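To find a chain, count down the sequence lines: A is the first, B the second, and so on, and within it residues start at 1. Everything quoted here is computed from the prediction, not taken from an experiment.
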Amino acid sequence: MQNENLVQISFFNQLMLVHPRKKQNERSEASVQVSEYFVNAEGTGDKVNLSDLLGTVEKTSGASNKTKKQLRNLQSSKETLELPLNKQQTEKIQRGIAYEKTTAEVSCWKNIILQNQKAEQMVFPLNQESSGPKRVEQVVAGWKVQTPLEQEIFRLLHGSRQPVNDPVLTPVEEQSLKAMSLEEAKIRRAELQKARALQSYYEAKAKREKKIKSKKYHKVQNKAKRKDFLKQFDEMVKTNPEGALEELKKMELSRMEERMSLKHQNSGKWAKSKAIMAKYDDSARKAMQEQLQMNKDLTQKMVVPSDDEHESIEEGLETVPDFVNDPETVIDPVNPWMRGQLTHEEPEISCVTAEEVQTAEEENEEEEIIGEFERKRKLRQADEEDLIPTEEERKKIRTILSLFVSTREGSNQTRGGLNTAGEEDEEGLLSEGQIRVRSIEDLEVLDEVVEPRAIEEPSAPQTAAAEATSEPPHKKKREINLKEVLTKEAKAVRLPFLPTVVDEEERDEQISIIKEAFAGDDVISDFIKDKSRQEAAGRPAVVDLTLPGWGEWGGVGLKPPRWKRKRFRIKTAPPPPRQDQKLPDVIISEKRTASVASHQVSQLPFPFQNTAQFESSIRTPIGSTWNTQTVVKNMTKPKVVTKLGAIIEPMVKEDFIKSKTTAAGDLVFLSNYPKKINFIIFFLLQTLSSIFVVSLLGCLLNVPT
Amino acid sequence: MKVKVLCRNPDDYVRETTRDIQRVPRNYDPTLHPFEVPREYTRALNATKLERVFAKPFVASLDGHRDGISCITKHAKSLSTIISGACDGEVKVWNLPRQECLRTVQAHEGFVRGICSRFCGTSFFTVGDDKTIKQWNWEAPGYGVREEPINTILGKAVFTGIDHHQREGTFVTCGQTVDIWDEQRSSPIRSFSWGVDSFSCVRYNPVETELLASCASDRSVVLYDTRESAPLRKVIMQLRSNTLCWNPMEAYYFTCANEDYNLYTYDIRHLDVPVTVHMDHVSAVLDVDYSPTGREFVSASFDKTIRIFPKDKGHSREVYHTKRMQHVICVRWSADNKYVLSGSDEMNIRLWKANASEKLGLLSAREKAATHYNKKLIEKFQHHPQVRRIARHRHLPGDILKQKRELREMREARRRKEQNVRKHSKPGSVPLLTEKEKHVVAVVE
């Protein structure tokens, strides 16, 4: 419609513009009907024919030849026009167009409907008034003067021409409020909120970082900054040489300052204290070296290296204590002292050495002999195991061995020895004992003991670790190893490194008492037996269907022939691997229990795509026993909330879809202005697009649109 | 001498004011609260059981009419007021909380076919078998003053239904044609007809207020736009639709109650296939009304039950019936989403709770939290067989149950037959139709 209007107008304008200078034909005789296009219909009832109109076109010089030609063709053609469509068909077309229009209009709800369907919570009624305080004008809006006093005041106010009832909002303000829909306003508000939040986060972060006292942190930060700066400087040299020169001057200044001061020369109080520690602590050593490096960096000349600098470096180096340059001692992972912390688990190899040392130092000869025997026995057993490597056999041997060990221990206990605890326990105790007894002087002694070996094998930690991992399988097979059976590691408890004094004898006594108390029941072997029994029960049994004596001779001592065994011994397919196959300390029963099955979900419910998803949805508890109050509130909030006793009105289009309502809003807004302008506006509205009208109005009334 | 005593900081347990909530020290360490799934499962099971135990939906019955109830309407502005029209032409205004009739009007001769309330709640319109449209004041006349309508329009044919515009002074009636009336005029400002001679129901779209839909006797549902001169489109189904209702929150969905025991939800943009087919009734569905939240609707059926369907589910979540309730002719959902009203053949209007086990009235914060938690638990464990078994169980009268079984058998037989036909005919000649596609005969442009 708008387009049509525009076309009409443009056409009209053209007509007006084409002959601005042309003189109008003078009317010589009086006629009853005067056409504005200078066509006279002669006689009152006559109609204007097309040919009459075309005649004038022929005369006009402004009309193009092309149109003239087209018109002439039209005149000459004898073809009749097509019949208009019949009523049914026109109606059908009309209906079709109307339906398309309506569907398009209705489709604008799509987003809102989808949004509401997906919404976690909907609160009805939808457009609730904000609960905040209202403006006085709004509250007073419905108020009327009633009492004589009020009337008098009212009159007075009128008399003094005070504004009695301020308009709450000017039309322009209302308009602008309307222009922004609720949704838009919400989005905008959310954006602003987010920006504000981000800013405050940033500020808080900056503040926090500024407060950090850690020198190391700032050191790292500064270093990073310096690096960044250097990078930037390189670029700056290319792009902005003047700025670079300035920076260079600054750097020069800092270099001078550095050269004047003794700040990074390892001569301060801190450096001296570190120098003492440096012998034992490589971090201290590192810190010192870093300081020197910094000095070097700062005093380095940027452009031309000079002799001066070399001197400074040499000076710097001279101030360093000698041992800084000593070859760094290879840290033995085995030795907890070198790491400065307790090791939780210690590789086998160290224990062996430790054991030897210990035996040499403390144990008497008899015990040494016993130990020797045991070691030999272990070796022999290992050899035997090599001959029979199958898993089952090993297990059996293990169980037998465990029994054997327990009996041997029992016998030892009867003898009354104190040091007859199991091999492992002894090892653990021994290594711990070593640590406890130590003082700092002892540490140095041990260092010397350990160091040469470390030097001999430069990749000691790795090889040691490799040995530790490769060796245990041979050694541990001999008896039940707790770590093998119970794969879950015990929690590592890091204790402050203090020499705690525990009476060793008392501890040993305790352990022996416990051993004695539980001497009879070997839980672990029982468990293993139980598990193997269950595994065996689950294994497919071979069904023997051979009939002895069928098709051959039978009798005592005769075995059915091979073909028969092959044919009539039926092996069933092995079941899927047990769930506890790789869990040595667990037996998982895979039987389906009817009592539980009735409570279990048999099929995967609809919205879930896999069982893991469903299980996780079930696994997360929602009750207040497991969650904090706010979380529970959030998790259990209902999908639809209605207000008690409130009428829920259907959706109102104007509240949700704004674009359609603006045109109507314009009209309402226009009605506030004087009639004359209104007339112009409506005339314009009929012809032009509403957008144009609004902008024009803006000019007319000086109102921002 | 220093005496050592046990002490604790009063800040940890003393409230600042007596209005403060008590501090309850809690430890959420999961190791202290093991077996969360089994425990929650038990709670869910208990919640489900309690829900069924407390499911007592029937609230009240309003008796007083002397013939079957033919239509009910809510007051536009008051939750406590409803009007009902009966088959003897009587219209009654009811007060729900007091469960009493406020006013009785002999409005028409013969049936009262339709009632609608004006959007402002000052007057209401009735149409009847005596070919009249009458406008009545909501307020009862003074003592001794005769009950007379504000306005009476005498039409040419019987009007079978009426509905009022959401915000303007126009209303629509249906009978032989669909007419749009201005309140100020005594003749329709526009009338639509499209080759049909009788309509049973017409409804304004509450959201897109210029849209209309009507059910016609030629098994069709016709759409109109009051701004257009011609109807928009119609969809013809296998059996006639009795009534329809627009979704008040989703502009392009409506649901129609059909004679073939089903309800169909349509999207007006795609009329060729219904969005959902709602099955469960065992007889013709006579009326349908959406909940004001647009999430569910209630349907009344000739099988003496009313059912509540979620708008996007094929089966009902609730079925209400009583021994004495006969064919339910009309049903409405209250504007606060709490109650359902049903009017039936045996002259009673019944008031039901929309959620059968909901506790009415104000709830304390703890009660609210507990109900929310229970609801969530039931939702969480809804797929577990025990929970589902209990939650889904409803009691049905024997004859309905029997009919249900019969219907199932019939459906199964039909399916089997179709399968056999397909098996023994040329491949592709008997197409496989989904349940949704089966019921639409044609869409006429």
Side-chain angles (χ1 to χ4, degrees), chain A residues 91-99 101-103 105-110 112-113 116-117 122 124-126 598-606 608 614 617-628 632-633 635-640 642-653 656, chain B residues 26 28 30 33 36-37 39-41 43 45 76-79 166-167 194 205-211 223 225 227-233 246 248-253 268-269 291-295 312 335-338 361-362 369 371-373 375-377 380-386 445:
Chain A
E91 273 184 356
K92 192 178 175 183
I93 290 166
Q94 274 177 353
R95 283 196 298 262
I97 291 165
Y99 177 73
K101 215 165 114 185
T102 318
T103 47
E105 195 181 340
V106 166
S107 296
C108 66
W109 284 99
K110 197 175 161 189
I112 293 164
I113 288 171
N116 287 351
Q117 279 170 358
M122 286 282 284
F124 294 100
L126 286 174
S598 70
H599 292 272
Q600 281 172 332
V601 181
S602 54
Q603 276 180 329
L604 187 67
F606 159 59
F608 300 100
F614 177 64
S617 87
I618 292 294
R619 213 180 301 124
T620 42
I622 48 174
S624 54
T625 321
W626 299 274
N627 297 303
T628 56
V632 171
K633 213 175 174 184
M635 280 173 134
T636 61
K637 72 180 177 187
K639 274 208 147 179
V640 173
T642 54
K643 205 178 155 197
L644 207 63
I647 293 177
I648 302 167
E649 299 278 359
M651 274 185 180
V652 180
K653 196 172 185 184
F656 292 91
Chain B
R26 292 276 342 256
Y28 291 107
H33 309 286
E36 55 266 1
V37 177
R39 282 165 81 186
E40 286 220 314
Y41 174 71
R43 285 180 196 180
L45 210 55
K77 295 286 170 198
S78 159
L79 280 172
Q166 203 67 34
R167 277 185 291 282
W194 187 358
N205 186 332
V207 188
E208 284 285 340
T209 46
E210 304 306 320
L211 272 181
L223 294 179
D225 192 330
R227 293 160 295 190
E228 306 289 341
S229 58
L232 300 178
R233 191 161 281 199
W246 291 92
M249 291 291 157
E250 298 176 358
Y252 44 73
Y253 291 117
I268 61 167
R269 299 167 303 163
S291 79
T293 58
R295 300 285 171 118
D312 47 1
D336 59 349
N337 197 31
K338 282 268 187 292
L362 277 174
T371 48
H372 290 167
Y373 178 48
K375 256 188 199 167
K376 197 75 192 176
L377 277 180
K380 184 182 167 187
F381 289 96
Q382 63 185 335
H383 305 294
H384 288 253
Q386 295 294 314
E445 283 185 20

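The most heavy-atom pairs under 4.5 Å with chain B, out of A/Ile618, A/Val632, A/Thr103, come from A/Ile618. Top candidate by heavy-atom pairs under 4.5 Å with chain B, chosen from A/Lys639, A/Arg619, A/Lys110, is A/Lys110. Contact count against chain A (heavy-atom pairs under 4.5 Å) is highest for B/Pro385 among B/Pro385, B/Ala230, B/Pro292. Ranked by heavy-atom pairs under 4.5 Å with chain A, the list B/Arg233, B/Gln382, B/Gln386 is led by B/Arg233. Counting heavy-atom pairs closer than 4.5 Å to chain B, the top-ranked of the candidates A/Trp109, A/Phe614, A/Phe606, A/Trp626 is A/Trp626. With chain A as the partner, the residue from B/Lys376, B/Lys77, B/Gln166 showing the most heavy-atom pairs under 4.5 Å is B/Lys376. Ranked by non-hydrogen atom pairs under 4.5 Å with chain B, the options A/Thr625, A/Thr102, A/Thr642 are led by A/Thr625. Among A/Ile112, A/Asn116, A/Asn627, the residue making the largest number of heavy-atom pairs under 4.5 Å with chain B is A/Asn627. Counting heavy-atom pairs under 4.5 Å between each of B/Glu228, B/Arg43, B/Arg26, B/Met249 and chain A puts B/Met249 at the top.
Taking 4.5 Å as the limit, every side-chain heavy atom of B/Leu211 sits out of range of all side-chain heavy atoms of B/Leu223. In this structure, the side chains of B/Arg167 and B/Thr209 come closer than 4.5 Å at one or more pairs of heavy atoms. With contacts defined as side-chain heavy-atom distances shorter than 4.5 Å, the pair A/Ser617/A/Phe608 qualifies.
Contact of A/Ser624 with chain B is made through the backbone alone, with heavy-atom distances under 4.5 Å. Looking at A/Val106, both its backbone and its side chain come within 4.5 Å of chain B, counting heavy atoms on both sides. Heavy atoms of B/Lys380 lying under 4.5 Å from chain A belong to its backbone as well as its side chain. Heavy atoms closer than 4.5 Å to chain A are found in the backbone of B/Ser78, but not in its side chain. Contacts of A/Gln600 with chain B are made by backbone atoms alone, with heavy-atom separations under 4.5 Å and no side-chain atom involved. Looking at B/Pro206, the atoms closer than 4.5 Å to chain A (heavy atoms on both sides) sit in the backbone and in the side chain alike.
Judged purely by atom type and a 3.5 angstrom limit, A/Tyr99 uses its side chain to pair as donor or acceptor with the backbone of B/Arg269. B/Asn205 contributes a side-chain N or O that, together with a main-chain N or O of B/Ala251, makes up a donor-acceptor pair within less than 3.5 Å. At least one donor-acceptor pair under 3.5 Å links the side chain of B/Glu40 to the backbone N or O of A/Gly623.
For A/Lys637, the NZ atom is densely surrounded, since the number of other residues' heavy atoms within 6.0 Å is greater than 12.
Between B/Asp336 and B/Lys338 there is no salt bridge, since none of the side-chain N atoms of the basic residue sits less than 4.0 Å from a carboxylate O of the acidic one.
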Legend entry - Steps toward side-chain hydrogen bond (donor to acceptor under 3.5 Å, both in side chains) verdict (B/His384, B/Tyr41): CA-CA 9 Å; B/His384 288 253; B/Tyr41 174 71; 5.1 Å; no
Using residues 91-98 of chain A as the side-chain source, report each donor-acceptor pair under 3.5 Å to any protein atom, sequence neighbours left out, with the distance given to one decimal.
{"residue": "A/Arg95", "atom": "NE", "partner": "B/Glu445", "partner atom": "O", "Å": "3.3"}
{"residue": "A/Arg95", "atom": "NH2", "partner": "B/Glu445", "partner atom": "O", "Å": "3.0"}

